[in-house]
Amino acid sequence: MGSHRRTAPSSGSERSTALALGLLSAAATALGAVPATAAPQEDSRAEVDRLYREAEKATEAYNAADERADALRREIADAQDAIARKQQRVNTMRETLGSLAGSQYRSGGLDPALSLLLSEDPEDYLRKASVLDRLGVHQTAELRKLRGTLRSLSQDRAEAGKRLGALERSRKAAATHKRTVEHKLAEARRLLGSLPAGERAAWDRASRSGRTDLLGPGGAPASGRAAAAVAAARSALGKPYVWGANGPSGFDCSGLTQWAYAQAGVALPRTSQAQRYAGRQVQLSEARPGDLVLYRSDASHVGMYMGNGQVIHAPYPGAPVRYDPLGMMPVSSVTRV
């Protein structure tokens, strides 16, 4: 049987070679281990990005559903007021027709020919008869008005019923989007909390990075209202991101731009997708302070250009309203309000 005893190196050179090979092997193992430990953290950071993007889309969908619900509530209130007024007109018409019918019944107790014969003043009788005829014509007209008003009232009630159904659907859609937002934000917070402090700081730096050479100074605001909106956006710096909020103590991305322009007397739509079309679209190279900068192909994020290649925006939960580079994420369009 052959021996399995290890043979010692025969010289110092062989021992040095063996030692060097051992060190290289250890170094290779260590280098190979770096991606293995870093990859999960990189994956977590990418997942946080994805969750925040999806939460922002759901937030904008929630804002749209909530805005629709608010509009429907106003429409329903107006419709209910109109229905109440119309019902009052119906009640008044019925009372008037009831009085006319009673008057005719009382005056029609005798045959008209006999009444004429018994009348002490035939001329007076004929005048009364003429009035009664006019009352009949008036009553017919009032009946027609009543029928038309009742039909209109029925249509108004049916339309109000449709609006109530749409309101309920909008409420349910908003509730669904709210749950989606809350779930994704909670998962993003959990993932961020699981990262080492250095990785969290690296993720925050990455979220603020981007091309800073896209534009020069940018000139003055294009209008007085844009200048007022710029001043309002600056006054919001440091306020917290609060999803679904449009100020003044907290904001989401489209809530900030909506609020800033409201201070300038301009009513913007609630969502970033709708704000994209709230003015004239201009080339990125023509952007001036106060212009709205829409991000991503679906316009799910919006900020306000401030000049010098920077925007003010409400980034995500945990980050306050702040300046960031214009090129922090892909720009889809620029809108001048």
Side-chain angles (χ1 to χ4, degrees), residues 30-67 69 170-210 236-259 270-273 293-303 311-325 327-332:
L31 288 172
V34 171
T37 56
Q41 292 173 358
E42 290 172 1
D43 289 346
S44 293
R45 284 162 54 182
E47 181 68 3
V48 169
D49 284 337
R50 184 186 69 80
L51 287 166
Y52 274 139
R53 283 196 303 273
E54 292 183 358
E56 194 158 48
K57 290 179 185 179
T59 297
E60 291 302 287
Y62 167 84
N63 289 337
D66 196 48
E67 184 179 43
S170 191
R171 281 173 175 163
K172 288 180 179 177
T176 298
H177 292 305
K178 181 179 180 181
R179 287 193 296 271
T180 300
V181 172
E182 290 173 339
H183 171 74
K184 291 184 182 297
L185 291 181
E187 183 63 13
R189 283 193 294 269
R190 186 192 67 77
L191 278 173
L192 271 177
S194 70
L195 293 174
E199 286 295 319
R200 288 199 298 274
W203 178 83
D204 186 62
R205 285 194 300 273
S207 72
R208 306 185 69 168
S209 66
L237 286 168
K239 297 289 180 67
Y241 180 103
V242 179
W243 78 265
N246 58 349
S249 57
F251 304 91
D252 61 21
C253 70
S254 58
L256 172 64
T257 48
Q258 184 190 47
W259 176 84
R270 180 62 182 90
T271 67
S272 57
Q273 289 90 347
V293 182
L294 286 305
Y295 291 97
R296 308 190 189 105
S297 60
D298 59 357
S300 58
H301 189 78
V302 62
V311 295
I312 284 179
H313 69 137
Y316 52 82
V321 174
R322 68 191 187 190
Y323 283 100
D324 271 330
M328 61 186 172
M329 61 183 82
V331 176
S332 60

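Computed from a predicted structure; not experimentally measured.
Evaluation of the salt bridge (Lys or Arg N to Asp or Glu O under 4.0 Å) rule for R50 yields E47, E54 as partners, not counting sequence neighbours. In this view, E182 satisfies the salt bridge (Lys or Arg N to Asp or Glu O under 4.0 Å) rule with no residue, not counting sequence neighbours. With sequence neighbours excluded, the residues that form a side chain to side chain donor-acceptor pair (under 3.5 Å) with S332 are R276. Listed by chain and number, the residues in a salt bridge (Lys or Arg N to Asp or Glu O under 4.0 Å) with R171 are E168 (sequence neighbours excluded). Annotation: ring pair (Phe, Tyr, Trp, His ring centres under 6.0 Å) contacts of Y241 (sequence neighbours excluded): none. Not a single salt bridge (Lys or Arg N to Asp or Glu O under 4.0 Å) links K239 to another residue, sequence neighbours left out.
Expressed to the nearest 0.5 Å, how far NZ of K184 lies from CZ of R53 amounts to 11.0 Å. Rounding to the nearest 0.5 Å places SG of C253 at 11.0 Å from CD of Q258.
For an aromatic pair to be called close, the ring centres must be under 6.0 Å apart, and W243 with Y62 satisfies this.
Residues G238 and P320 come closest through the heavy atom pair O-CB, 3.6 Å. Counting all heavy atoms, side chain and backbone alike, L294 lies closest to S272 at CD1-O, 3.4 Å. Here the shortest heavy-atom pairing between Q273 and S300 reads NE2-CA, 4.1 Å. Closest heavy-atom contact between A69 and S170: N-OG, 3.5 Å. Across all non-hydrogen atoms, the minimal contact from V242 to G250 is CG2-CA, 4.0 Å. The two residues S254 and N63 come nearest to each other via the heavy atoms OG-ND2, 3.7 Å.
No side-chain donor-acceptor contact under 3.5 Å links T271 and E67. Side-chain contact check for N246 and D252: no donor-acceptor pair (N or O, by modelled atom type) lies under 3.5 Å.
The shortest distance between side-chain heavy atoms of L192 and Y52 falls below 4.5 Å. Looking at Y323 and L237, their side chains come closer than 4.5 Å, going by heavy atoms from C-beta outward. You'll find the side chain of V302 stays beyond 4.5 Å of the side chain of Y295, heavy atoms only. Side-chain contact between M328 and V311: present, with at least one pair of heavy atoms (C-beta onward) separated by less than 4.5 Å.
Salt-bridge formation is not detected for the pair D66/R270: no Lys NZ or Arg NE/NH1/NH2 atom is positioned less than 4.0 Å from an Asp or Glu carboxylate oxygen. Classification of E56 and R296 as a salt-bridged pair holds, one side-chain N sitting under 4.0 Å from a carboxylate O. E60 and K57 are not joined by a salt bridge, as no carboxylate oxygen comes within less than 4.0 angstrom of a charged side-chain nitrogen.
Test V321, T257, D324 against H313 for side-chain contact (heavy atoms from CB on, under 4.5 Å) and you get one pass: D324.
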